[in-house]
Structure formats: structure tokens, C-alpha cells
Engineer: 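There's a structure below that I have some questions on.
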Amino acid sequence: MPTATLEEYLEAIYKLDEKGVVRPTMIAESMSVSGPTVTATLKRLAARSLITRSKSAVELTAEGRREALDIIRRHRLAERFLVDILGLGWDEAHEDACLLEHALSPRVQAALEQYLDNPSVCPHGHPIPSADGTIHAVVGDPLCDLDTASQGRIVQVAEDNDELLQYLASLGMFPGTDVTVCEIAPFNGPLLVEVNGSQYAIARDIASKILVTR
């Protein structure tokens, strides 16, 4: 089994890979570590056959992907427990879930999943991989792509910015919440949206981080 550090790298590489080609510099930025540290850790991952490197790109092997999905499963189950059962804010749960994810055995994972009634997504709407490594993508469109007078239901929000999560929580914009686009300012301006009977101006870059189903 990989160490906690290697597991965190696998998780980071998997998430970066969802957006495109993964470069060591991207990993360093994501992990907030230096380039030499990334280089040394990538060598350890390659020695365990968890990644391959071609030129400057980094790719997970089949085993590396399996390990990455397992750590993501543990992390998101831990987040659900912390938010749903212990009542932590969804902006607070990430850090503690990072600690818990390394301590959950397969037996505890299965018990926790059953206790939580088999959740399919984390509190932020990101899919929880199944025990066999299956993961289903959440389908939706960025809120910023909706037209005026369109309505959508929030299904997912970006999970990597605590301040953003705090802000969205203050507006009541959680997965499962309906939102209506009332007005779109020209020249790439903000969106005026209605949520739970109240209207708010949402910057376009924030709206791009909110996924909705129409």
C-alpha cells in the first residue's frame, strides 16, 4: 500500500488528469511543494509502477488509477460523514477528511458507506467511486452557460477553494438547490440569479465553477 504522501500525489494527479495533460509543474502547484520535491516523489511512484512519464507528461498506470480512486473514495466518504453526521461545514471538512482518508480500512469503508446509506456524491457533488473502482461522471453545464430566464439545479461546485465554499454557503447555493438566471450583464459581466427567493449578483468566474442541470 502506498504511503500517505504517495496517496496524496496519486489523488492530485488523477484530478489534474481530468482536466488534461499533467505536468510536474502543475503537480507542484497543486500540492504546494517545490519542483525538486515533486521530481523525487514521482521517481518513487514510478518505481512502484504507479505512474509513467513521457517527456514532461505524467500518467497514472492502471494500478495507479486504482489506488487513486480508492483514496478519492475514502476522502469523499469521510467528507460525507463529517458534514452529514458530525455537522461540520462543507468548507471545513476537506482538511479533516485528508487526515481520515489514510486511516480507513476496506472494512471501515464498507461499514461507513452502509451507515451513510450509500451516497453517490460528496457534499460538493463530486462522484464517490464504488468499491470496485467504478466512477460515474456528474453531467451538467456551468451556470455561466445558462441563458436569461433559464433555470437549473446545482449538481456540483468546485471543492478546492474554502472561501468560495463559504461564500456559496452564505447564499444557500448547495447541490440540489434550484437557481434561476434573471439577468446577464453584457461584456462578460456578472449574472443576476435567484436562489430560494432572493437575488444575488454572481461573478462569471464563480458561476463557471458551479455545475447545473437544466
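Here, residue 1 is the first one in the sequence, and each next residue gets the next number.
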Engineer: Could you go through the side chain to side chain contact (heavy atoms under 4.5 Å, CB included) check for L16 and V22 one step at a time?
Structural biologist: CA-CA 6 Å; L16 289 169; V22 182; 3.9 Å; yes
Engineer: Tell me whether L60 is reachable from L69 by hopping between hydrophobic residues (I, L, V, M, F, W, Y) whose side-chain heavy atoms are closer than 4.5 Å.
Structural biologist: yes
Engineer: Looking at every heavy atom in both W90 and L165, which two are closest together, and how far apart are they?
Structural biologist: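 Looking at all heavy atoms of both residues, the shortest contact is NE1-O, 3.0 Å.
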Engineer: According to a 4.5 Å side-chain heavy-atom criterion applied to Ile, Leu, Val, Met, Phe, Trp and Tyr, with indirect links allowed, do L116 and V121 form part of one hydrophobic cluster?
Structural biologist: no
Engineer: Before accepting this row, confirm whether a basic side-chain N of the pair R66/E63 lies closer than 4.0 Å to the acidic partner's carboxylate O.
Structural biologist: yes
Engineer: Return yes if some donor-acceptor pair links the side-chain N/O of R80 with the main-chain N/O of C122 below 3.5 Å, else return no.
Structural biologist: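 Pair found, side chain donor or acceptor close to backbone of C122.
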Engineer: For a quick test of reading the model, state the closest non-hydrogen atom pair linking C144 to R204 and the distance between them.
Structural biologist: O-NH1, 3.7 Å
Engineer: Indicate, with yes or no, if Y167 and V193 share a hydrophobic cluster defined by side-chain heavy-atom contacts under 4.5 Å among Ile, Leu, Val, Met, Phe, Trp and Tyr.
Structural biologist: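 Yes, one cluster joins them.
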Engineer: Using side-chain heavy atoms (C-beta onward) and a distance below 4.5 Å, is Y9 in contact with V33?
Structural biologist: yes
Engineer: Rounded to the nearest 0.5 Å, what separates atom CD1 in I210 from atom CZ in F174?
Structural biologist: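 Result: 11.5 Å between the selected atoms.
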Engineer: Hey, could you give me the CD/CD1 distance between E79 and I128, rounded to the nearest 0.5 Å?
Structural biologist: 8.5 Å
Engineer: How far does NE2 of H75 sit from SG of C98, to the nearest 0.5 angstrom?
Structural biologist: 5.0 Å
Engineer: Are the side chains of L146 and R214 in touch, meaning some heavy atoms are under 4.5 Å apart?
Structural biologist: yes
Engineer: Does this structure show an ion pair linking R74 with E11, if we count only N-O contacts that are shorter than 4.0 Å?
Structural biologist: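 No salt bridge links R74 with E11.
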Engineer: Please check if the distance between the ring centroids of H124 and H94 is under 6.0 Å.
Structural biologist: no
Engineer: Can D132 and S130 be counted as having a side-chain donor-acceptor contact under 3.5 angstrom?
Structural biologist: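 Yes.
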Engineer: For E95, I'd like to know if atom CD has over 12 heavy atoms of other residues, nucleotides or ligands within 6.0 Å.
Structural biologist: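 Check fails, neighbour count at 12 or below.
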Engineer: Within this structure, what is the CZ-CG distance for the pair R48 and L10, rounded to the nearest 0.5 Å?
Structural biologist: 9.5 Å
Engineer: Less than 4.5 Å apart, side chain to side chain, heavy atoms only: is that true for E8 and H102?
Structural biologist: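 SC-SC contact between E8 and H102 confirmed.
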Engineer: Return the minimal non-hydrogen interatomic distance between P24 and V38, and the atom names on each side.
Structural biologist: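 The answer is O-CG1, 3.8 Å.
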Engineer: Determine the minimum heavy-atom distance between A93 and L82, stating which atoms define it.
Structural biologist: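 Minimum heavy-atom separation between A93 and L82: O-CD1, 3.6 Å.
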Engineer: Indicate if L77 and I135 have the same hydrophobic cluster label, given that clusters are the connected sets of ILVMFWY residues with side-chain heavy-atom separations under 4.5 angstrom.
Structural biologist: no
Engineer: Given side chain to side chain contact (heavy atoms under 4.5 Å, CB included), test I51 with R53 step by step and report yes or no.
Structural biologist: CA-CA 7 Å; I51 65 164; R53 299 188 63 178; 4.2 Å; yes
Engineer: Give a yes or no answer on whether the side chain of R76 reaches the backbone of P127 with a donor-acceptor pair at less than 3.5 Å.
Structural biologist: yes
Engineer: Does any N or O in the side chain of T61 come within less than 3.5 Å of the main-chain N or O of L50, such that one atom is a donor and the other an acceptor?
Structural biologist: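 Yes, the answer is positive, given that a donor and an acceptor are paired below the 3.5 Å cut-off.
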Engineer: Would you say that L143 contacts V181 through its side chain, given a criterion of any heavy-atom pair below 4.5 Å between the two side chains?
Structural biologist: yes
Engineer: Restricting to non-hydrogen atoms, name the atom on A12 and the atom on M31 that form the minimum distance, rounded to 0.1 Å.
Structural biologist: CB-SD, 3.6 Å
Engineer: Decide yes or no on salt bridge (charged side-chain N to carboxylate O under 4.0 Å, His left out) for K15 and E159, but give the supporting numbers first.
Structural biologist: CA-CA 11 Å; K15 291 180 178 180; E159 60 181 347; 3.5 Å; yes
Engineer: Locate the shortest heavy-atom distance separating L104 from A78; write the atom from each residue and the value.
Structural biologist: CD1-CB, 4.5 Å
Engineer: When rounded to the nearest 0.5 angstrom, what distance separates OG in S208 from CG in L191?
Structural biologist: 10.5 Å
Engineer: Let me check something: do I72 and I27 share a hydrophobic cluster, defined by ILVMFWY side-chain heavy atoms less than 4.5 Å apart, either directly or through other members?
Structural biologist: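 Yes; tracing contacts between hydrophobic side chains, which count when under 4.5 Å, links both residues.
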Engineer: Is it the case that the side chain of S30 and the backbone of M26 share a donor-acceptor pair, with hydrogens and angles ignored and the cut-off at 3.5 Å?
Structural biologist: no
Engineer: Within a radius of less than 6.0 Å around CD of E18, do more than 12 heavy atoms belonging to other residues, nucleotides or ligands occur?
Structural biologist: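 Yes - once you tally the heavy atoms of other residues, nucleotides and ligands closer than 6.0 Å, there are more than 12.
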Engineer: Near E59 CD, under 6.0 Å, is it more than 12 heavy atoms from other residues, nucleotides or ligands?
Structural biologist: no
Engineer: Any side-chain heavy atom of R44 within less than 4.5 Å of one from L6?
Structural biologist: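 Of all side-chain heavy-atom pairs linking L6 with R44, at least one is under 4.5 Å.
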Engineer: Within the side chain of E92, is there an N or O that forms a donor-acceptor pair under 3.5 Å with the backbone of G89?
Structural biologist: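 A pair under 3.5 Å: yes.
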Engineer: Go through the steps for V195 and Y200 under the test side chain to side chain contact (heavy atoms under 4.5 Å, CB included), then give the verdict.
Structural biologist: CA-CA 8 Å; V195 182; Y200 307 99; 4.2 Å; yes
Engineer: Give a yes or no answer on whether the side chain of N161 reaches the backbone of L164 with a donor-acceptor pair at less than 3.5 Å.
Structural biologist: yes
Engineer: Please report the interatomic distance CG(N196) to CG(D178), rounded to the nearest 0.5 Å.
Structural biologist: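 N196 CG to D178 CG: 8.5 Å, rounded to 0.5 Å.
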Engineer: Are I13 and L45 close enough, and set up right, to give a side chain to side chain contact (heavy atoms under 4.5 Å, CB included), and what steps lead you there?
Structural biologist: CA-CA 11 Å; I13 293 169; L45 289 170; 4.1 Å; yes
Engineer: Could you check E101 against R73 for salt bridge (charged side-chain N to carboxylate O under 4.0 Å, His left out), going step by step and ending with a plain yes or no?
Structural biologist: CA-CA 8 Å; E101 67 188 22; R73 169 179 165 78; over 6 Å; no
Engineer: Would a 4.5 Å heavy-atom cut-off, applied to side chains only, mark I154 and L168 as touching?
Structural biologist: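 Contact flag for I154/L168 side chains = no.
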Engineer: Within the structure provided, determine whether R153 and L211 are in side-chain contact (heavy-atom separation under 4.5 Å).
Structural biologist: no
